[in-house]
Chemist: 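This structure is in structure tokens; I'll ask about it shortly.
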Amino acid sequence: MQSRGSSNRLSGLAFRSRIWALMLSMFATMAAIYVAGRLWQDAQSRVFLIKELDRITGQGQSAISVDDTLKVIACREQQKKLSALEMELAAAKQEGFVSKHLTKTNTDGTASRKRLLAVIGILTRFGRKNNRDAVRKAWMSSALKKLEDDKGIIIRFVIGRSSDKDIDNENRQTNDFMILENHVEAPEENSKKTKLFFAHAADTWDAEFYAKVNDDVYVNIDALGSMLGAYLDKPRVYIGCMKSGEVFSEPTHKWYEPDWWKFGDGKSYFRHASGEMFVISQAVAQFISINRAILRTYAHDDVSVGSWFIGLDVKHIDEAKFCCSSWSSGAICAAV
């Protein structure tokens, strides 16, 4: 009896085990079918999207590599930086920190820059018409436009604004003045006048060089043009008859310097170009233009200009041909 009951229980357990195995197989099969169906649907969706992308973009390649993706991201970042720089540049132009170069229009309507060789500013004062007439007759061609076109040189007398109408009348006849509207003529303001000339010239004309000359100096324009051509490959130059000398602290002295104590116990000036005539390159003139509001001026314009370049990477060129008072052979200028 016990043997038969045990056999029945064993057969019942085996039957239930087969049922569970069958059910697990059915569930596994259904799960596999479900997963396969979903993968097939996802694949179909990707194929559809790829075809749509190809149709829209017209490109045969639908997959983008990791390298290509990084390049796209880098391009977008550069575009953002470029846009930001363009906005800063526009703001700088409005503030007057970027030169407004002369442009001319090509036949196709596009604008192109016209690079001049030099802009020469002859610093003059009221009551010195005889000096200006002598300069015009001696070396400043009456055909200013022809001089500009043929040699790439612009020459202007530089003077401050005044209620005196004589300068306006003279300028209407000669058209050779640069009138500094924000400068009042005074002997003690000559250093500021020189600074404003370079700033205004750099803002107005696109030239390789900018020269300052006194109105009692004769200049050989042809020799000057030839000499400047030798320095076209130098980006930052300061050319002149370099000198130094004693700093005078006595108020009664002709060359008195109120800030004499700033030049040390030795009371000696640093090397700087003589004020009769000197030349600076475009980058240096633009530096003056941008920083005009904070550049310190001293009693004398030649010392002031020299002080601005001490801390800069500017090449000082001691050119004997610019020693106008020496009357040496081959000199470019001569004091008259």
Side-chain angles (χ1 to χ4, degrees), residues 96-102 116-126 128 131-132 135-136 139-140 144 147-148 152-162 167-168 170-171 174-217 219 221 224 228 236-241 272-309 312 314 322 324 333:
F97 292 142
V98 177
S99 298
K100 304 174 182 63
H101 300 312
L102 278 180
L116 299 166
L117 176 62
V119 175
I120 302 175
I122 308 171
L123 270 65
T124 188
R125 301 191 300 273
F126 299 115
R128 294 177 69 88
N131 288 58
R132 294 191 290 273
V135 168
R136 292 184 181 109
W139 63 273
M140 184 178 174
L144 294 178
L147 183 64
E148 176 183 342
I153 297 176
I154 286 180
I155 307 175
R156 294 290 186 273
F157 288 107
V158 182
I159 199 167
R161 170 57 63 189
S162 171
I167 294 296
D168 292 333
E170 184 179 347
N171 191 34
T174 60
N175 194 31
D176 56 8
F177 277 90
M178 176 194 294
I179 299 177
L180 303 174
E181 299 291 345
N182 298 324
H183 178 73
V184 178
E185 279 294 323
E188 64 273 14
E189 300 294 330
N190 201 45
S191 296
K192 293 181 180 178
K193 180 178 178 180
T194 301
K195 178 172 65 174
L196 289 176
F197 156 66
F198 283 121
H200 183 72
D203 288 348
T204 306
W205 291 290
D206 178 21
E208 299 285 355
F209 302 98
Y210 300 84
K212 177 260 177 179
V213 183
N214 287 341
D215 67 356
D216 56 357
V217 171
V219 178
I221 291 294
L224 175 64
L228 292 179
R236 294 174 300 278
V237 294
Y238 172 38
I239 311 170
C241 181
H272 60 277
S274 172
E276 292 173 320
M277 180 180 182
F278 59 86
V279 177
I280 60 176
S281 58
Q282 184 186 71
V284 181
Q286 288 177 344
F287 168 81
I288 296 174
S289 173
I290 293 171
N291 297 281
R292 70 187 80 176
I294 59 174
L295 289 177
R296 180 73 169 83
T297 55
Y298 294 95
H300 313 296
D301 68 334
D302 53 354
V303 174
S304 298
V305 174
S307 71
W308 301 335
F309 308 146
L312 301 181
V314 173
F322 278 11
C324 306
C333 60

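Sequence positions, counted from 1, serve as the residue numbers for this chain. Everything numeric here is computed off the predicted structure, so don't read it as measured data.
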Chemist: Restricting to side-chain hydrogen bond (donor to acceptor under 3.5 Å, both in side chains), what partner residues turn up for D176, sequence neighbours left out?
Modeler: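 Scan of D176 (side-chain hydrogen bond (donor to acceptor under 3.5 Å, both in side chains), adjacent residues dropped) gives R136, T174.
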Chemist: For the side chain to side chain contact (heavy atoms under 4.5 Å, CB included) test, which of K192, H272, K212 pairs with D301?
Modeler: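 So, applying the side chain to side chain contact (heavy atoms under 4.5 Å, CB included) to D301 and each of K192, H272, K212, only K212 qualifies.
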Chemist: Going by the side chain to side chain contact (heavy atoms under 4.5 Å, CB included) test, name the single residue among V219, L224, V217 that passes it with W139.
Modeler: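 By the side chain to side chain contact (heavy atoms under 4.5 Å, CB included) criterion, W139 pairs with just one of V219, L224, V217: V219.
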Chemist: Residues in ring-ring contact (aromatic ring centres under 6.0 Å, His included) with F209, at least two apart?
Modeler: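 With neighbours one apart ignored, the set is empty.
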Chemist: Among residues at least two apart in sequence or on other chains, which ones pass side-chain hydrogen bond (donor to acceptor under 3.5 Å, both in side chains) with T297?
Modeler: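 With neighbours one apart ignored, the set is empty.
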Chemist: Spell out, as yes or no, whether a donor-acceptor pair under 3.5 Å connects the side chain of Y238 to the backbone of V305.
Modeler: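 It does not hold such a pair.
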Chemist: Who pairs with D215 by side-chain hydrogen bond (donor to acceptor under 3.5 Å, both in side chains), at least two apart in sequence or on another chain?
Modeler: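 Residues passing side-chain hydrogen bond (donor to acceptor under 3.5 Å, both in side chains) with D215: T124, R128.
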Chemist: Among residues at least two apart in sequence or on other chains, which ones pass ring-ring contact (aromatic ring centres under 6.0 Å, His included) with H183?
Modeler: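 If we apply the ring-ring contact (aromatic ring centres under 6.0 Å, His included) test to H183, skipping adjacent residues, there are no hits.
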Chemist: Side chain of R132, backbone of R125: donor and acceptor closer than 3.5 Å?
Modeler: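 Confirmed, R132 side chain pairs with R125 backbone.
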Chemist: Could I get the full list of ring-ring contact (aromatic ring centres under 6.0 Å, His included) partners for F177, not counting sequence neighbours?
Modeler: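 Result, ring-ring contact (aromatic ring centres under 6.0 Å, His included) vs F177: F157.
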Chemist: Passes side-chain contact (heavy atoms from CB on, under 4.5 Å), F278 versus S274? Steps please.
Modeler: CA-CA 7 Å; F278 59 86; S274 172; over 6 Å; no
Chemist: Is any side-chain heavy atom of V135 closer than 4.5 Å to a side-chain heavy atom of V213?
Modeler: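 Side-chain contact under 4.5 Å: no.
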Chemist: Measure from the side-chain N and O atoms of K195 to the backbone N and O of I288, and report whether any donor-acceptor pair falls under 3.5 Å.
Modeler: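 Judged by distance alone, no pair lies under 3.5 Å.
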